[in-house]
Structures are given as structure tokens and as C-alpha cells.
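Each remark here refers to the structure printed beneath this line.
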Amino acid sequence: MEKFYFELKHVCKQSGARYGILHTPHGDVETPMFMPVGTLATVKYLSPEELYEMGSQVILANTYHLWLRPGEDVVSNAGGLHKFMNYKKPMLTDSGGFQVFSMSKTRKIDEEGVHFKNHLDGSPLFLTPEKSIEIQNKLGADIIMSFDECPPYPCDYKYMKDSVERTLRWAERGKKAHQNPNQALFGIVQGGDYEDLRKLSATSLANMDFDGYSIGGTSVGEDKETMYRMIEYAIKYLPSDKPRYLMGVGSYDSIIEGVLRGVDMFDCVLPTRIARHGALMTSQGRVNIRDKKYEYDLSPLDPKCNCYTCRNYTKSYLRHLYKCDEGFGKRLLSIHNINFLLKLTKDIREAIKEDRFLDFKNEFFEKYGLNVKNPRGF
RNA sequence: GGAGGAGUAGCGAAGAGGCCAAACGCAGAUGACUGUAAAUCAUUUCCCACCGGGUUCGGCAGUUCAAAUCUGUCCUCCUCCA
């Protein structure tokens, strides 16, 4: 793996948070970073140009979903994901492991892999660690994931132990199957809130020497303190010279708490999904744009925001678009939320470089009225 | 002028003596959403209230222990015929 490497540039003297650069075949990106999710080879409602303008670096796509539609060969035929969807910056694909969790009612796990019931037509599907890697090789993202089981929370010890051990065997198989030297492969730490299992998972993966390490099995229903503990259990046993990716986390408080614990990468559907549903992250806390109180409100979503939406549109108009179910509204709201998190991570990087991340965190939490019991600041 | 049909909550529309403050859809009001089966899901919408109570089904008058539902009458609308 020549084209991909992680450069840990600075550790905040005040907090221990990390600033780094991820070198990839599609350019260098700075960490900590937030990665918008584009499951079906599109960040819903947003163009690549809009993403660049906001400072987006890496974006995600999904193995399971692209495997079904349009099929990895269609993407490969187009020259890979980047060319297929015209995204010129680095990309990352998830392995399908999250679908083991999100579609748990319609799948069966065995040692060999996972039997899914195709959610589109009901047909049987079988995804294995090797198959997931093969698909991801064809999709051609810069960073790919091991196929894992994302277990639920809560989860009893026996089940979790078996699951973690199986996921480790799958990681080994996937690593062996990985053929494309231009793609970095990450292992995924599991183990729920059991410290010994997180330790087992993290140390075993570290011994396999992956290009980076993901922390999975979080934000699946546990409370925030538990999630932060899971992160600590995992990171404690991960090498510091490799990137750490906290999967599926994207609320602003959790990003800050994650960075504080040594996380470099985050992804989440939250900003785009809640935007489509009318909820916005702002410096005033959460705004539900549907609410009647905004009917005549000519102010921007967030007076402190400089995104395209806030520069040009009023709450009154955004509410109107939302209530009429207009696509342009979903786009404007998505722009705002993505911008909010990209700006947040940019500010975080600056604070780390200047050794004041702890101050930054405290100020942010104070300003937003945030605490663990009131993570949104209301 | 004659014959037939219809008026139910903001709108559409079920209900044809008690289980009806009245299904369902839409619209409205809120909430949720964390590696996207998510333009989804949940709650709520006659009035006042904590239990609970008070007014409703075009109007009025009846029948009945009991009426949105049956009878009479009036009003409004639609269709057809003159």
C-alpha cells in the first residue's frame, strides 16, 4: 500500500486530540474529519460541486446497496465509483456489515457469511467477507472496510464474544482476499460495551496490521456515556500511527467527544437524513423548520452560519419548501447540516493545531448549552 | 313546474337505531431519526379539562329507554324531464 498512508501531524498538548493528514490516491485530506454518506453513490440531493464548496473531503458509499443496484460491474465498467458518480475526492465504502444490523429481521448469519433477503425483490443473497472485498475492489473506493457483524445493543456477553471472534475471522479472510493495492483496508473493532472484548478485537486487528481501524457497534441504541466508554476501550488498544474511524457517529456533541478520545474520522447519515425530515443543526440548537413559529420568519436558519442556504434563504421560505415537499428544500436543508458538521470539524482541526481543543470543547458545550443529559442544547 | 339524488369534523369520505366524538385518506400541529429498506416513522387535531365533562353529523319539530341513523317539515346543492 504505497499511495495510502496516515500522517499524524500534531497531538493537542491540552487534550491529546489528534490532527493528521490522510494521503490517498485521490488526494490528501485532513483529520479529524466528517464524511457525508452517499449510500447509493450520491449524497442524497447534493452534487459533488456543492460538497466541494462546503469543504467535503471523503464521502461514503455502500457495498450492499451498490451490489444490488446498479451492481458492482456497472460501476466497474464506468471506471469505478469516482468516475461513475463524478466525485473527484477520496471515497470510502462500507462493507455491508451495517446491513447485518439494520436488516437483522431478514438475514441469517453463519460462519461462512450472511444470508440476506433482498429488500427489493425478496430473493436470497449471500454476502461473505471475500465477496464484500471483491465488490469493494470493483467499486474502487480509496478506503474499504472489512465485512463485520454490527451487533445490537444491548447484547449478552456470550453472543457478543462469539460475534467478535467470528468478525475477527472474517477480517482475516477479507484481508487475504483483498487484491487492490490502491485501496486501504480497515478492520472494524467490535465488542459492545465489554472492555475485554473490545480489547480482544482491537489487539487482534492491530496484529493483522490494517491500514486503519474502525470502531463499530456504536450508536445502535446505547446511551452516550456507554458509547464514549466503548470508544475508550477500543482506542486504548489501537496503534497511534494509524487512523481511527468511528463509524456512524455524527451528532455534534459526539464528534467532539470522539475527537477528545482520539478519533480521526466520522461518518453519519444524521445530517442528511434529519435535514430531509426538516431538522437542522444550528448554533441556537436544533431547529425543526416545519414548526409554525417560522411561518413569517425572514431570518436565516442560523445567523452564525455562512453556508449557501443561510446566505440566501429565509426560514419562512425553507418552511414553505419543506411543507410542499419540494426537492430544492431538501437540498438546501441538507447543505446546511452538512456544512455545519464540516465547519465544526474544520474548527476542531484548528483548535487541535493550536493546542486549545479542550478550551474549544468547553466553549462549544457552554455556548450550545450541551451536556450528556441534554446533548442538543435545549 | 315535475322526477330522482345528496347535505357527516378544515377538505374528501365511511357509518343506515345503542359497541359513535363518529372509521379511513388528505390537510393541520408536534416529536423522533447516528457505518441510509428512511421525501420515513410516531403522536395529535369538535370544546373545556387531571380523572372526567360539555356540545355535534344542514335547520327545526317529533318517535324511542336510546337518533348521524326512523318520521314530518323547512333550507341548500346536484342530475334528468318540461
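Any value given below was found using the heavy atoms of this structure, including those in side chains, with hydrogens, waters and symmetry copies removed. Everything numeric in this text was worked out from a predicted model, so none of it was measured. Note on naming: letters A, B, ... go to the chains in the order of the sequence lines (proteins, then strands), and numbering restarts at 1 for each one.
Only the P atoms considered, B:rC20 is 15 Å distant from B:rA67, to the nearest whole Å. Using P as the reference atom, B:rC47 and B:rG1 are 42 Å apart when rounded to the nearest Å. Across the C1' atoms, B:rG5 and B:rC48 are found 39 Å apart, a figure rounded to whole Å. Comparing the C1' positions of B:rA68 and B:rC51 gives a spacing of 29 Å, expressed to the nearest Å. Spacing of C1' atoms, B:rC11 relative to B:rC60, comes out at 27 Å, to the nearest Å. B:rU69 and B:rG18 have their P atoms separated by 11 Å, given to the nearest Å. Across B:rU44 and B:rA21, the matching C1' atoms stand 15 Å from one another, rounded to whole Å. Only the C1' atoms considered, B:rU56 is 24 Å distant from B:rC50, to the nearest whole Å.
Once the 5.5 Å centre distance and the 30° plane angle are applied, the aromatic ring of A:His277 is found stacked with the base of B:rU40.
Across all strands shown, A:Leu92 has no heavy atoms under 4.0 Å from either base or sugar-phosphate atoms. The residue A:Lys224 sits close to a base: some heavy atom pair falls under 4.0 Å. As judged by a 4.0 angstrom heavy-atom cut-off over every strand, A:Gly217 is placed among the base-contacting residues. If you check every strand for non-hydrogen atoms under 4.0 Å, A:Asp291 touches sugar and phosphate atoms only. Heavy atoms of A:Gln190 sit under 4.0 angstrom from at least one base atom. At the heavy-atom level, A:Ser254 lies nowhere under 4.0 Å from the strands shown. Heavy atoms of A:Asp325 sit under 4.0 angstrom from at least one base atom. Nucleic acid contact for A:Phe101: none, since no nucleic acid atom lies under 4.0 Å from a heavy atom of the residue.
For A:Arg276 against B:rA39, a side-chain-to-base donor-acceptor contact under 3.5 Å is absent. One donor-acceptor pair, N or O on each side, does fall under 3.5 Å between the base of B:rG31 and the side chain of A:Arg290. Counting distance only, with no hydrogens placed and no angle test, the side-chain atoms of A:Thr272 and the base atoms of B:rU36 include a donor-acceptor pair under 3.5 Å.
Salt bridge status for A:Glu112 with A:Lys131: absent, with no side-chain N to carboxylate O gap under 4.0 Å.
For the pair A:Lys361 and A:Phe365, the cation-pi test (distance below 6.0 Å, angle within 45°) is passed. A cation-pi arrangement is found for A:Lys175 relative to A:Phe210, the charged atom lying closer than 6.0 Å to the ring centre and inside a 45° cone about the ring normal.
Using Watson-Crick or G-U wobble geometry with both donor-acceptor distances under 3.5 Å, B:rA16 finds no partner in any strand shown. Summarising the base pairing, B:rU43 is matched to B:rA29 through a Watson-Crick or G-U wobble pair whose two defining distances lie under 3.5 Å. Partner assigned to B:rA3 is B:rU79, using Watson-Crick or G-U wobble distances below 3.5 angstrom. Remark: B:rC60 base-pairs with B:rG72. Criterion, Watson-Crick or G-U wobble with two distances under 3.5 Å.
Residue A:Tyr322 places its side chain closer to B:rU40 than to any other of B:rU40, B:rU34, B:rG28. Across B:rG35, B:rA29, B:rU34, the shortest atom-to-atom separation from the side chain of A:Ser251 is found for B:rU34.
Distance A:Lys293 NZ to B:rA29 P: 13 Å, rounded to the nearest Å. Rounded to whole angstrom, the span from the CE atom of A:Met33 across to the C1' atom of B:rG35 amounts to 14 Å. Separating the CZ atom of A:Arg319 from the P atom of B:rU30 is a distance of 7 Å, rounded to the nearest angstrom. Counting to the nearest Å, the C1' atom of B:rG28 and the CD atom of A:Glu295 are 11 Å from each other. Rounded to whole Å, the distance from CZ on A:Phe98 to P on B:rU34 is 7 Å. Rounded to a whole Å, the CH2 atom of A:Trp67 is 15 Å from the C1' atom of B:rA37. The distance between atom NZ of A:Lys330 and atom P of B:rC33, rounded to the nearest whole Å, is 18 Å. Rounded to a whole Å, the CG atom of A:Asn288 is 17 Å from the P atom of B:rA39.
Side chain to side chain, A:Thr167 and A:Asp148 fail the donor-acceptor criterion of an N or O pair below 3.5 Å.
Aromatic pair A:Tyr294/A:Tyr322: ring centres not closer than 6.0 Å. You'll find the ring centres of A:Tyr64 and A:His119 inside the 6.0 Å limit. Ring centroids of A:Tyr52 and A:Tyr87 are separated by less than 6.0 Å, placing the two rings close together.
Side-chain atoms of A:Arg319 come within 3.5 Å of backbone atoms of A:Asp291 as a donor-acceptor pair (strictly under, hydrogens ignored).
Applying the 4.0 Å criterion to OP1 and OP2 of B:rU34, one finds that A:Thr218 has every side-chain N and O outside that range. At B:rG35, none of the side-chain N or O atoms of A:Gln99 fall inside 4.0 Å of OP1 or OP2 (strictly under the cut-off). The side chain of A:Thr39 contributes an N or O atom lying less than 4.0 Å from OP1 or OP2 of B:rU36.
Position along RNA chain B of the nearest nucleotide to A:Asn62 versus A:Ile274 favours A:Ile274 as the more 5'-ward residue.
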